[in-house]
Amino acid sequence: MSYTALYRKYRPETFDEVVGQEAAVTTLRNQVRAGRVGHAYLFCGTRGTGKTSVARILARAVNCEDPQDGNPCCRCESCRSILEGRTMDVIEIDGASNNGVENVRQIREEVAYAPASLKKKIYIIDEVHMLSAGAFNALLKTLEEPPEHVIFILATTEVQSVPVTILSRCQRFDFRRIPLDQITERLTQLLAQEQVEAEEKAVRYIARKADGGMRDALSLTDRCISCFAGEALTYSKVMDVLGAVDAETYSRLLRSVIAGDAAALLRQIGDLADEGRDLALLVNDFIWYLRNLMLLKVSDSTEEMLDLPEEDVPLLTQEAAMVPMDTLFRYIRVLSELSSQMRNSANQRITLETAMIRLCRPQMQQDIASLTQRVRQLEEQLKKGVWSAAPAAQAADGAPAGGPDAGPGPEEELQYEPAVPEDLELIASQWKGIAAGIRPGARSILEKAVLKFSSAPGAENTLVVVFGDFLGERFTQDPEMKPLLERLIAEKTGRSANVRFVIEGEEAGEDALLREIVLKKAQQDFVNMDIEVEEEE
C-alpha cells in the first residue's frame, strides 16, 4: 500500500474538523443549514490555512443527501463520489496554469449544462489571482449571474491582485494564520494517532516554524518522523532535521554582539555553517530570540507571551537587563533587513557575516540608534575610568610611574587623549574641499573616510585615512593616489602631511595608537558646507 502524506491523510472532511477558522466555517455551515448558499465565494489567506479544504467541504455540504447540522455526512453517494474524485460535477482548476481567456470561455460554455449526478455543479479555482486581465473580464458576467445549479469558489493567497470587479461579485472570507496553540494541539493529536512519541517542546517548535499554516506544520512533522522512524521525536532531533539551533547558541551570539567581539562572532557563524545549519533560519530565529528579550524588557508579566521553554526564561531575563531597548530595536532592524537580503543573496554566509559586524560596530553606521549606542559605550568607559585604550604608564620595574613608594593617584590612573596636531586639524576642517580635487568616482569614497592621527612618537605629521569597507582598496592599491592627495593638501591648506591609507580592521596592533580627529562645532559646520567645483574650460 502506498504511503499518504500526513497533510493529505488528515485533511479535514467536515467543518467541525477545520482548525483555526471558526468565523468562516460557522458562517458557511449556517448558510448550508438555512439553505442560503451564495453563488460565488472568495477564500483568501496565506498558504496552508485551509482554503481548498473548506472549499471541498462546502462542495460536499451543498450536495450531501443527508447533511448533519450543516456538515456533510461523508457517507452518502454524493459525498463519497466527491471524496474519491469520481464525480464530474466538482471541477478544480489551477488558476496558475489555466489562466488564459480560452480557459475561461470553456468554463462559460460548460456552466450551461446541468450537473450529471449532483444537485450543484461546483467550480473551485485555486490561485485565482494568476488569471490574466482578459480571463478576469471573460469571467465577470458568468460570475455575477451564473445558472442556479452552479457555484463558484475562488481561492487566492494574494487578494490584492484580484480585480475589484471580481471582489464585488463574491462573498469574501479571510482565512487567518492559525494560532500557535491550536497547531500544537492538533499535531499532538495526530502524533498520538500515528503512535509517535514526541516531546511537547519539539511539537511546539514545529508549530512555530509552520508560521500559521497547518499544511506546513504537517509537512514538517512528516519530515521529522521519516528521519527518525520508530524513535521518539525529541527537541534536539527536530532542531537537527530543520537545521535550527538552540537558545544557548543565540545567547552566545548575542553576548558576542554586546561585547563587540566580531572575531568570536564570526567564528561562531563559521562553526554553524560548517555544521550545515540553515543560515536564513538562523537569522529569523535570532530575531525571534530578540523579540522575546524585548517582551521581557517591557514587562515582567509577559512570560505567557514568550514562545520558549520555561528553562530558557532565566537566561533571557538576565540578558534582557544587559541590552538597552533602543539598542535592541537596532539589532532587530538590522537583522530584519538582513532576512530580506538573504533571500536573494548569492552567498548567504558573507551577507550574514557583514551584517553581524555591523551589529558589533555601531560606528560603521550613522543612524540615530547607532550613534546612541556609541555614546552609551563612551559613558560606560568613563564610569569605569577608562579614558583611552592605551595601557597605563608603568615604570621599567613594573611599579607605578610615580615611584615605588607613591600610591596610584587619580592623575596617574587616568590616561588623557593626546591633542590633535594643529596641521592635521586644519586639514580635517577643509577635507571636503580637498576631496573635491579627486575624480568624481573616488571623491565620494574619500569624503566618507574617517580621518585619524597616530600618537606614536615621530608620527605627528601622519594623516591616516581609514576606509570603512573594501571600496577603499582603489586608494590603497593605486600608487598615484597618495602623492596626489598630499599635493592637494598642500595646495588647499598650505600645510604638508604624510598620508597613509588603511581599510578599517587592518590597523592591527596600531589600533591603540590611532585617534579619530574630532572637530569643534564651528569646524564641523565649515566642513559640511557645500563645495562647488569649477570645471576647467
Side-chain angles (χ1 to χ4, degrees), residues 243-245 249-291 293-294 319 322-324 326-374 376-377 441-442 444-452 464-477 501-508 510-511 514 516:
V245 296
T249 300
Y250 296 117
S251 175
R252 289 194 297 270
L253 290 172
L254 177 61
R255 290 171 187 263
S256 296
V257 171
I258 295 173
D261 193 346
L265 195 59
L266 294 182
R267 283 195 299 270
Q268 294 171 40
I269 293 174
D271 292 341
L272 293 171
D274 293 341
E275 293 173 5
R277 301 296 181 179
D278 187 333
L279 297 183
L281 179 60
L282 174 73
V283 173
N284 290 331
D285 281 355
F286 197 15
I287 295 173
W288 196 266
Y289 187 86
L290 297 176
R291 171 257 187 193
L293 288 180
M294 180 179 64
E319 291 177 345
M322 299 169 59
V323 190
D326 53 354
T327 301
L328 197 56
F329 286 165
R330 173 177 169 267
Y331 291 166
I332 294 175
R333 188 189 72 247
V334 172
L335 291 174
S336 297
E337 294 172 357
L338 171 64
S339 179
S340 60
Q341 292 170 2
M342 291 187 71
R343 296 192 190 103
N344 303 316
S345 175
N347 193 319
Q348 290 189 339
R349 178 169 175 175
I350 294 177
T351 305
L352 173 58
E353 290 173 340
T354 303
M356 287 300 187
I357 292 175
R358 286 170 56 198
L359 289 183
C360 289
R361 298 184 177 179
Q363 61 268 28
M364 295 179 64
Q365 297 177 276
Q366 302 301 320
D367 57 275
I368 296 299
S370 300
L371 294 175
T372 302
Q373 186 177 353
R374 292 170 63 183
R376 185 177 292 108
Q377 290 175 350
S444 60
I445 301 174
L446 195 61
E447 289 177 349
K448 295 177 182 178
V450 177
L451 302 182
K452 296 186 178 182
V464 183
V465 183
V466 182
F467 300 98
D469 51 34
F470 67 93
L471 295 177
E473 291 180 355
R474 65 192 307 174
F475 287 87
T476 60
Q477 298 178 2
F501 299 124
V502 298
I503 306 295
E504 183 176 0
E506 296 182 359
E507 299 98 324
E510 301 179 18
D511 286 345
L514 295 182
E516 183 175 350

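- A donor-acceptor pair is defined here as one N or O able to donate and one able to accept, closer than 3.5 Å; no such pair exists between the side chain of S339 and the backbone of L335.
- The shortest distance between side-chain heavy atoms of Q341 and T351 falls below 4.5 Å.
- L266 places a side-chain heavy atom less than 4.5 Å from the side chain of I357.
- Looking at every heavy atom in both residues, V502 comes nearest to T476 through N-CG2, 4.3 Å.
- What you find for R291 and I332 is that their closest heavy atoms are N-CD1, 4.4 Å.
- L279 CG to E353 CD: the interatomic distance, rounded to the nearest 0.5 Å, is 9.0 Å.
- Residues L352 and Q348 are not in side-chain contact: their nearest non-hydrogen atoms beyond the backbone lie 4.5 Å or more apart.
- Shown here for G270 and R349, the closest heavy-atom pair between the two residues is CA-NH2, 3.3 Å.
- For Q477, the side chain to side chain contact (heavy atoms under 4.5 Å, CB included) partners are E473, not counting sequence neighbours.
- Inter-residue side-chain proximity for L282 and L253 is flagged as met; some heavy-atom pair is nearer than 4.5 Å.
- A parallel orientation is assigned to the rings of F475 and F467, their planes being inclined by less than 30° (bins at 30° and 60°).
- Rounding to the nearest 0.5 Å places CG of D271 at 11.5 Å from CZ of R277.
- Here ring-ring contact (aromatic ring centres under 6.0 Å, His included) pairs that include residues 250-278, with residues two or more places apart or in two chains, are Y250-F286, Y250-Y289.
- What you find for I445 and R474 is that their closest heavy atoms are CD1-CD, 3.4 Å.
- Within the 4.5 Å cutoff, the side chain of L451 has no heavy atoms near those of the V464 side chain.
- Distance check: M356 CE to L265 CG gives 5.5 Å after rounding to the nearest 0.5 Å.
- The side-chain heavy atoms of R358 and E337, taken from C-beta on, include a pair separated by under 4.5 Å.
- For residues 252-264, every residue pair satisfying the salt bridge (charged side-chain N to carboxylate O under 4.0 Å, His left out) rule, not counting sequence neighbours, is listed here: R255-E319.
- Between L328 and V323 the shortest heavy-atom distance is N-CG1, 3.9 Å.
- Taking both residues in full, the closest heavy atoms of A264 and S256 are given as CB-OG, 4.0 Å, listed atom of the first, atom of the second, then distance.
- A heavy-atom distance below 4.5 Å is found between the side chains of L293 and L290.
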